[in-house]
> 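Quick one: structure below, then a few questions.
Here is the naming used below: chain letters follow the sequence lines, and residue numbers restart at 1 for every chain.
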Protein chains: 2
Amino acid sequence: MIRTNPKLLAYSKTLLEKDRAQVSVTHYKRKEEIMGQGHRYPYVGIIIKGIVKCFINEANGKAFIQEFMTEGMEVGELEFFEKGGATCSVAAVTPVTILEIPHQLFKILLDKELTFNRLILESLADKVRYKAPRHAFQTSYSLERNIEKMGELYPDFLKVLPKGDIANYLGVSARSLNRALKTLREEHG
Amino acid sequence: MIRTNPKLLAYSKTLLEKDRAQVSVTHYKRKEEIMGQGHRYPYVGIIIKGIVKCFINEANGKAFIQEFMTEGMEVGELEFFEKGGATCSVAAVTPVTILEIPHQLFKILLDKELTFNRLILESLADKVRYKAPRHAFQTSYSLERNIEKMGELYPDFLKVLPKGDIANYLGVSARSLNRALKTLREEHG
DNA sequence: TCGAAAAAAGGACATTTGTCCCGCTTGAAA
DNA sequence: TTTCAAGCGGGACAAATGTCCTTTTTTCGA
């Protein structure tokens, strides 16, 4: 449930060596905003280190977290394909390092480097593929079952992610999350 | 909320003329299964006509509809990139016509035709982009508000889509959907 | 054209979740 | 060190949703 892309991470590291002059690296502190909903950025980002959350703030004050991402995942690539502001905000959950590939270079790589092109295709396909079972499971099973599933996928989630983020990921209020956690505690250990 | 892809539809029509010998066209009746969760198909499909639903059946008997799709939308493209069974089932909601592009041809087009490659990249980016606001809205607002939104996006949805499908799209029981529809009827006209 | 089967509507009750609180803990900034 | 904001946990009640069931309407094949 914290998504990663080892192949793209590996490719990014070769980029850092070969094309060092054309890319940049930025560091973000915990809770810092990496991208803001509606804003534009002249680059595509790839996470080199750390955990980010990708989320949407609704007009009524609620937030919904799309996914947690770590090494090798792209951010801001959708805006390369369709100009217009970012759909989601992205913020650092732990200290984060981002590799920034300017749109100009991204386009060249996409058009000339078949390997890179395929990595991006697969990365997009992966994001589509992942969302289907996640949302199906989320609406089909109880909150308790969803929490158990997070624990299976990422045992440390309660230690690493703030409660508020977990609630926003599961699409429930913090109160409901606490209640469900208590129920689970009473049932097993 | 019934998704379409005019550019890919246009491209598909030229494919039907130029490469007619290498592609095929299949018709499906209402409710017929086009793809089954877990199964494999040696082609990528593009909808030429009709409306399909793309959904996941969970082990507990519940179904969750990912999206409704019509002209120009792809089905089964995820399985081209990662071998393995289909994540979702696809079924015809109205009579449907599908253009089938064999994986072998799909690969050639992807590698040699920059235009096609870009269309597929944009199509995938579109699917990712679309899901974020949809699920955010769905979990952030009341059922009534979600129904109103469907009406704004597709005024005829109650006439075209079965109630059960609408409920499975919104992630609620048929009972709750009916209740909410009644409330809306009482409020306005 | 009839009859079976599916779809639709909604009543009654149980369960889940949200909202609005309050009090406690913790960590970072003054 | 003190202080204050943010995070955490949970009580009490209200609202939303699910489950189960019955009745009516519609559809479609024999």
> Using heavy atoms to find the nearest nucleotide of DNA chain D for T139(A) and L161(A) separately, return the residue whose nucleotide is more 5′.
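Result of the comparison: L161(A).
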> With a 3.5 Å distance limit and no angle check, can you tell me whether R3(A) reaches the backbone of E67(A) through a side-chain donor-acceptor pair?
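Not a single qualifying donor-acceptor pair exists.
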> Looking only at side-chain atoms of K31(B), point me to the closest of dG10(C), dC13(D), dA6(C).
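Shortest atom-to-atom distance from the side chain points to dA6(C).
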> State which of dC20(D), dC28(D), dA8(C) makes the closest approach to the side chain of R175(B).
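Among dC20(D), dC28(D), dA8(C), the one nearest the side chain of R175(B) is dC20(D).
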> Set out, in order, the CA-CA distance, both residues' side-chain angles and the distance that settles ring pair (Phe, Tyr, Trp, His ring centres under 6.0 Å) for Y43(B) and F106(B), then state yes or no.
CA-CA 8 Å; Y43(B) 53 83; F106(B) 193 83; over 10 Å; no
> Give a yes/no on whether any side-chain N or O of S176(A) is located under 4.0 angstrom from OP1 or OP2 of dT17(C).
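Indeed not, no polar side-chain atom of S176(A) lies that close.
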> Choose from dG11(D), dG9(D), dG10(C) the nucleotide whose nearest atom is closest to any side-chain atom of N178(A).
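Ranking dG11(D), dG9(D), dG10(C) by closest atom to the N178(A) side chain puts dG9(D) first.
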> Whole angstroms only, please: what is the OH-P distance between Y141(B) and dG18(C)?
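In whole Å, dG18(C) P lies 15 Å from Y141(B) OH.
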> Tell me which nucleotide among dG10(C), dC8(D), dG18(D) gets nearest to the side chain of K163(A).
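When the side chain of K163(A) is considered, dC8(D) is the closest of dG10(C), dC8(D), dG18(D).
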> Over how many whole Å does the gap from L181(A) atom CG to dG9(D) atom C1' extend?
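Those two atoms, CG and C1', are 11 Å apart.
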> Quick check on DNA chain D: between R30(B) and S142(B), whose nearest nucleotide comes earlier from the 5' end?
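Its nucleotide being nearer the 5' end, the pick is S142(B).
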> Once you round it to whole Å, what is the distance between P of dT17(C) and NZ of K182(A)?
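That distance rounds to 16 Å.
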> Whole-Å distance between dG7(D) C1' and L158(A) CG?
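After rounding, the reported distance stands at 14 Å.
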> With K127(B) as reference, evaluate E77(B), E74(B), Q66(B) under the side-chain hydrogen bond (donor to acceptor under 3.5 Å, both in side chains) test and give the passing residue.
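Testing each of E77(B), E74(B), Q66(B) against K127(B), the sole residue satisfying side-chain hydrogen bond (donor to acceptor under 3.5 Å, both in side chains) is E77(B).
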> What integer distance in Å separates R145(B):CZ from dG18(C):C1'?
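For the pair R145(B) CZ and dG18(C) C1', the rounded distance is 19 Å.
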> Nearest 0.5 Å, please: how far is CG in L119(B) from CG in L124(B)?
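Separation between the atoms: 11.0 Å.
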> Nearest of dT19(D), dT17(C), dA8(C) to any side-chain atom of L143(A)?
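Out of dT19(D), dT17(C), dA8(C), the nucleotide with an atom closest to L143(A)'s side chain is dT17(C).
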> I need the CD-C1' distance between E144(B) and dA15(D), as an integer number of Å.
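It works out to 11 Å between those atoms.
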> In whole angstrom, what separates Q138(B)'s CD from dT17(D)'s C1'?
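About 14 Å, once rounded to whole Å.
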> Please report, rounded to the nearest Å, how far the P atom of dG9(D) is from the CG atom of L177(A).
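Computing the L177(A):CG to dG9(D):P distance gives 9 Å.
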> Assess whether one donor atom and one acceptor atom, taken from the side chain of R179(A) and the base of dG9(D), lie less than 3.5 Å apart.
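A donor-acceptor contact between them is absent.
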> Keeping E71(B) on the side-chain end and P6(B) on the backbone end, is there a donor-acceptor pair under 3.5 Å?
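No: the side chain of E71(B) does not pair with the backbone of P6(B).
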> Of the nucleotides dC8(D), dG10(C), dA9(C), which has the atom closest to the P162(A) side chain?
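For P162(A), the side-chain atoms sit closest to dC8(D).
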> When you get a sec, tell me which of dA9(C), dG11(C), dT19(C) is the closest nucleotide to the side chain of K62(A)?
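Of all the options, the side chain of K62(A) is nearest to dT19(C).
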